[in-house]
Amino acid sequence: MRRSVAYARRFLRDMVPQAHPLLDDLVTVGSETVCNAITHTDSGDGGRVTVTLLAGRGAYRLEVSDDGAGGRRPHLKAETLAEGGRGLRVVEALAESWGFRTDGPRTVVWAEFRVCENSSGNPDRGLSRASMRLMPAAFEGGNR
């Protein structure tokens with residue numbers, strides 16, 4: 001399952017243009033949320049993690065779905081000097097907004113990113129100016 005983090009990174013790098021200003025933030029947030037899904041949910045015990053990237057004019061929405069955690073849901077941990085427990089703080093710092101929703105026993109963590117308009121008039125350097133809707137792409141990894 002640990003390979004799923006590397007697969008998710010590769011998926012995001014393949015989906016977002018290399019020179020895009022949000023690429024590193026998307027990859028970092030994707031890594032953190034997939035790692036959390038593997039570490040804290042049934043996805044890490046032979047289950048699945050699904051990474052979805054929705055892209056549209058000036059916006060990206062990253063979603064990571066897990067197999068559920070017995071009713072436990074994602075939350076920010078109190079600041080400590082511990083080495084771990086900072087993943088959602090990283091997500092909060094890099095994404096414009098984030099949250100989660102339930103899907104039966106599964107949890108879907110989402111993070112949204114916006115791009116400011118650049119000098120060429122294209123608000124999103126990697127996407128068509130004609131695209132007004134978010135377009136989905138997904139990667140699913142796991143042992144099942």
Side-chain angles (χ1 to χ4, degrees), residues 1-119 122-128 131-144:
M1 276 307 281
R2 298 287 178 205
R3 291 186 312 226
S4 293
V5 177
Y7 293 149
R9 282 188 201 120
R10 185 175 317 123
F11 165 74
L12 292 169
R13 289 195 184 283
D14 287 347
M15 295 306 301
V16 179
Q18 186 175 2
H20 198 284
L22 290 175
L23 177 60
D24 290 338
D25 291 351
L26 280 161
V27 170
T28 300
V29 169
S31 295
E32 290 294 337
T33 52
V34 170
C35 186
N36 282 349
I38 293 167
T39 303
H40 301 293
T41 76
D42 292 342
S43 293
D45 189 24
R48 291 200 175 274
V49 174
T50 303
V51 178
T52 305
L53 182 64
L54 301 154
R57 195 167 179 181
Y60 283 98
R61 182 178 174 107
L62 174 66
E63 295 185 350
V64 175
S65 304
D66 62 47
D67 280 345
R72 295 184 320 265
R73 302 295 179 203
H75 63 279
L76 288 174
K77 293 185 178 179
E79 285 284 339
T80 68
L81 296 176
E83 258 185 59
R86 294 190 183 111
L88 288 178
R89 291 206 177 274
V90 170
V91 172
E92 184 175 61
L94 295 177
E96 182 169 318
S97 59
W98 77 277
F100 70 90
R101 69 178 186 278
T102 59
D103 181 15
R106 301 185 78 174
T107 301
V108 180
V109 176
W110 57 265
E112 293 183 346
F113 302 83
R114 302 238 180 259
V115 178
C116 297
E117 185 148 342
N118 61 28
S119 59
N122 185 350
D124 187 334
R125 296 179 193 174
L127 301 171
S128 166
S131 176
M132 293 299 294
R133 297 185 328 179
L134 293 175
M135 300 302 294
F139 160 80
E140 185 170 80
N143 295 330
R144 286 191 204 168

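No hydrogens, no waters, no symmetry mates; every other heavy atom, side chains included, goes into these values.
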Separation of L12 CG from T28 OG1 (nearest 0.5 Å) | 10.0 Å
Across all chains, not counting sequence neighbours, the side chain to side chain contact (heavy atoms under 4.5 Å, CB included) partners of D103 are R106, V108
Pairwise distance CG(D42) to CG(D67) - rounded to 0.5 angstrom = 6.5 Å
Is Y7 close to V51 at the side-chain level, that is, under 4.5 Å between some pair of heavy atoms?
-> no
Can you find a heavy atom in the side chain of V34 that is under 4.5 Å from one in the side chain of R9?
-> no
Does R101 have any salt bridge (Lys or Arg N to Asp or Glu O under 4.0 Å) partners at least two apart in sequence or in another chain, and if so, which?
-> E63
Knowing that exactly one of L54, V16, L23, D25 qualifies, which makes a side chain to side chain contact (heavy atoms under 4.5 Å, CB included) with Y60?
-> V16
Out of curiosity, M15 CE to R10 CZ, how far, rounded to the nearest 0.5 Å?
-> 14.5 Å
Which pair of non-hydrogen atoms, one from F113 and one from L94, has the smallest distance, and what is that distance?
-> CE2-O, 3.6 Å
For residues V64 and A37, report the shortest heavy-atom separation together with the two atoms involved.
-> CG1-CB, 4.4 Å
Pick out which of V91, V29, T52 makes a side chain to side chain contact (heavy atoms under 4.5 Å, CB included) with L62.
-> V29
Non-hydrogen side-chain atoms of T107 and T41 separated by less than 4.5 Å = no
Euclidean distance, F100 CZ relative to D66 CG, rounded to 0.5 Å | 10.5 Å
Give, for atom CD1 of I38 and atom CG of D45, the distance between the pair rounded to the nearest 0.5 Å.
-> 12.0 Å
Measure from the side-chain N and O atoms of T39 to the backbone N and O of N36, and report whether any donor-acceptor pair falls under 3.5 Å.
-> no
Across all chains, not counting sequence neighbours, the side chain to side chain contact (heavy atoms under 4.5 Å, CB included) partners of S97 are W110, E112
